[in-house]
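Protein chains get the first letters and strands the later ones, always in sequence-line order, with residue 1 at the start of each.
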Protein chains: 2
Amino acid sequence: MKENYTIKDIAEMAGVSKGTVDRVIHKRGKVSPAALEQVNKVLDKIEYKPNPIAKSLKNNKNYNISILLPDAEADPYWEPCYEAISQVENEFSHFGIKIHKSLFKPSSTKSFKKAADALIDSKPDAILMVPLFYIEAENVAKRCVEADIKIATFNNYIKDHKINFEIGQDLFQSGRVAAKLFNMLLGKSGSIAILHIDEAFQNASHMQEKERGFKDFFNLNKKLDFKIDVHNLKKESKITFDQTIENFLKSIDPIDGIFVTTSKAYLIANHIATYTPDSVIIGYDLVSENIKYLEENKIAFLIHQDPKKQVYLSLTNLIEFFLFDKPLQESVLLPIDIINTENFPQYLN
Amino acid sequence: MKENYTIKDIAEMAGVSKGTVDRVIHKRGKVSPAALEQVNKVLDKIEYKPNPIAKSLKNNKNYNISILLPDAEADPYWEPCYEAISQVENEFSHFGIKIHKSLFKPSSTKSFKKAADALIDSKPDAILMVPLFYIEAENVAKRCVEADIKIATFNNYIKDHKINFEIGQDLFQSGRVAAKLFNMLLGKSGSIAILHIDEAFQNASHMQEKERGFKDFFNLNKKLDFKIDVHNLKKESKITFDQTIENFLKSIDPIDGIFVTTSKAYLIANHIATYTPDSVIIGYDLVSENIKYLEENKIAFLIHQDPKKQVYLSLTNLIEFFLFDKPLQESVLLPIDIINTENFPQYLN
DNA sequence: TTGTACGCGTTATCAC
DNA sequence: GTGATAACGCGTACAA
């Protein structure tokens, strides 16, 4: 009982040549019925699994993967993604994997389009993108399929069957996670503000999903009595973003909880002591300013979306598909990590 | 500017043969000074990275990895490890990786020893074990080194430099995570019981580390005023374990919080309503009974030690070391996952 | 001391 | 239709 049969083994057992076996296995035709039967008889008896390493060696191709994501200058949320890219580059450069990073301004559709155009023109084997702009991203997906470029997304979703691989978090559910945390901290009743803080509302669908999940939790728990208000805060023309936040806090009555659906919880935490010092804040993402206020106990919890892991898993999935024919997973949902002062370091590594 | 130089390329550039280049690279000697210089000159100019795939193909070995872990019959905590094993087996069987699972009774040192002996005798390429019994595990490590078997541990640590790879959680810190959660739920003061519930105290060092971290948090926060009692609960001779628990609860005054350092929080949650209904329980591990009480809001939080991920990462690390010469990491600390009713499903997958 | 030739398993090409 | 053969890159045995 051998374990790993090779084409050569099969050829001997069937009394034909390697070439014929290959033609049978790959259904290339040009095989006589007699030979076909011989080979199939052997294939039925044993389990043939082609050696992926040999295949890969023969292939001997360089693969180019391009990744299209926002500039971390504009938002440090994206910083960890860069680390993941370097890490994957180091791990797989020996295997002929080239990764090309392309940045766009998260506030500019044009910038996204321009970068995407350039990427598609360069004809990489795959593009991994953050589909911040729905329509434009759909268009990119379409053109990738036409150009035979594998297309994957992370962080956001576009519901498009053309996407070969997508990874992210269940945002609705993460809203529920936040709601449950407030429930545990505040008890059976209270007032909570949902704040969508985003300079230009690129993350509109993101934020809405979280809001929906959040409200869903309280709606389904009839024993709870919470007053929930929703506020959209974006940059006003003549004043700084920070002042906009401050003006907002001035304008409202003290509240028990503040749920910030973006990574901008620090903007609120910064002013909380002055205006509504007893408010519990829950926000998203381990950007350094958020961690600072977490450690000062001004932010109670953060929810971690692990952008680094998203990039790492996206890239390794694509790479193993290219190198070893591992089937591409279609959709991956990452866990919703709850972070407090004590467990954040391990998530940063 | 080529990217991936092969030995053949270098040979041509240096005006020597492949064999000579190989001898230089692997320092096998038998090279004339002149040739040595030629080759080194080329090697200085370019960056040579041997193709790991070709190396691996040539190698063409089957690797046997044995994994020694407790029987999940005795404790369902180990169940997810089995899943990880199957998953890795499926992913890498094509690569000539064989994984052999060997179980021992977590309550029996003898059973551990016996299983370990058999494994070592079978001379696998690597052994991954749960070092539940310190001295015996040290002995296994020693004999593995002698027999040239790579030795790795997960879930528990033994401080032994012979271990080639170890993975687990920072238990001290996870105690602090629990403490912080109690702090947030209970406020500035209260009474908390630390319960070490373990049928035979195999996990003694485990539990003590968590206790130390837990107390450390409250000791360092001078503004907090918590009364903390420690109780060891193990099976008494004549009655069931469950009755032991019940007797304990009967014997104490109502308390604000209960910190269970093992996966046995469900045993407490089961009786909480009768004896101390307002106690907040925090425990460890996503075993199904714990999740049941989590969903009933009888357990506030669970801390997830992700045994499945521990096994998965251990195995893939070893495999990539064997197949592709990836350097073995030495020590990996997994994040300390905080689990509530809303985010547990994603951690189970 | 050096170069050559072969094998690992798969695939593609090329005579027959 | 078919089988033989070369090639991918590395390691190594062996002949020169």
Here the distance between atom P of D/dC14 and atom NZ of B/Lys30, to the nearest Å, is 13 Å

Q.
Tell me whether the count of non-hydrogen atoms from other residues, nucleotides or ligands lying under 6.0 Å of CD in A/Glu330 goes above 12.
A. no

Contacts of A/Pro33 and A/Lys18 projected onto DNA chain D by closest heavy atom; the upstream (5') one is A/Pro33

Whole-Å distance, A/Ile7 CD1 to D/dA7 P, equals 19 Å

So, are A/Lys123 and A/Asp148 salt-bridged, with charged N and O less than 4.0 Å apart? no

*Quick one: is A/Tyr48 getting a side-chain N or O under 4.0 Å of the C/dG9 phosphate, OP1 or OP2?*
no

Query raised in the report: Is the charged tip of B/Lys101 near the ring of B/Tyr82: under 6.0 Å from the six-membered ring centre and within 45° of its axis?
Result: yes

### Task
Look at the aromatic rings of A/Phe324 and B/Phe324 and report parallel, tilted or perpendicular, splitting at 30° and 60°.
parallel

B/Ile53 CD1 to D/dG11 P, in whole Å, measures 14 Å

Would you say that more than 12 heavy atoms from the other residues, nucleotides or ligands in this model lie under 6.0 Å from the NZ of A/Lys113, or not? no

- prompt: Has B/Arg28 got a side-chain N or O lying under 4.0 Å from the OP1 or OP2 atom of D/dT12?
  reply: yes

### Message
For B/Phe322 and B/Tyr63, take the angle between the two ring planes, folded into 0 to 90°, and tell me which bin it lands in: parallel under 30, tilted 30 to 60, perpendicular over 60.
### Response
parallel

In whole angstroms, the gap separating C1' of D/dG9 from CD1 of B/Ile10 amounts to 11 Å

Rounded to whole Å, CG of B/Asp9 lies from C1' of D/dC10 at a distance of 13 Å

Q) Using a cut-off of 4.0 Å on non-hydrogen atoms, how would the nucleic acid contact of A/Ala35 be classed: base, sugar-phosphate, or nothing? A) sugar-phosphate

Per the under-4.0 Å heavy-atom filter, residues of residues 54-63 of chain A near DNA chain D come out as A/Leu57, A/Lys58, A/Asn60

In whole angstroms, the gap separating P of C/dG7 from NZ of A/Lys8 amounts to 8 Å

Sorted by position of nearest nucleotide on DNA chain C, 5' first, the leading residue of A/Pro52 and B/Gly15 is B/Gly15

- On the ring face of B/Phe95, is A/Lys326 found with NZ or CZ under 6.0 Å from the centre and within 45° of the axis? no

Among the nucleotides D/dG9, C/dT13, C/dT2, whichever has the atom closest to the side chain of B/Asn51 is D/dG9

- [ ] State plainly whether the residues B/Lys150 and B/Asp125 are in salt-bridge range, i.e. N to O under 4.0 Å.
- [x] no

note: A/Asp22, atom CG; C/dC14, atom P; distance rounded to Å ~ 16 Å

Do NZ/NE/NH1/NH2 and the carboxylate oxygens of A/Lys142 and A/Asp160 come within less than 4.0 Å? no

Double-helix bend of the helix from C/dT1-D/dA16 to C/dC16-D/dG1, axes at both ends from 5 pairs, round to 10°, gives 70°

Separation of C/dC14 atom C1' from A/Arg23 atom CZ, nearest Å, is 11 Å

N/O donor-acceptor pair under 3.5 Å between B/Asp117 side chain and B/Lys114 backbone: no

Taking 4.0 Å as the cut-off, does a side-chain nitrogen or oxygen of B/Ser17 come that near to OP1 or OP2 on C/dT4? no

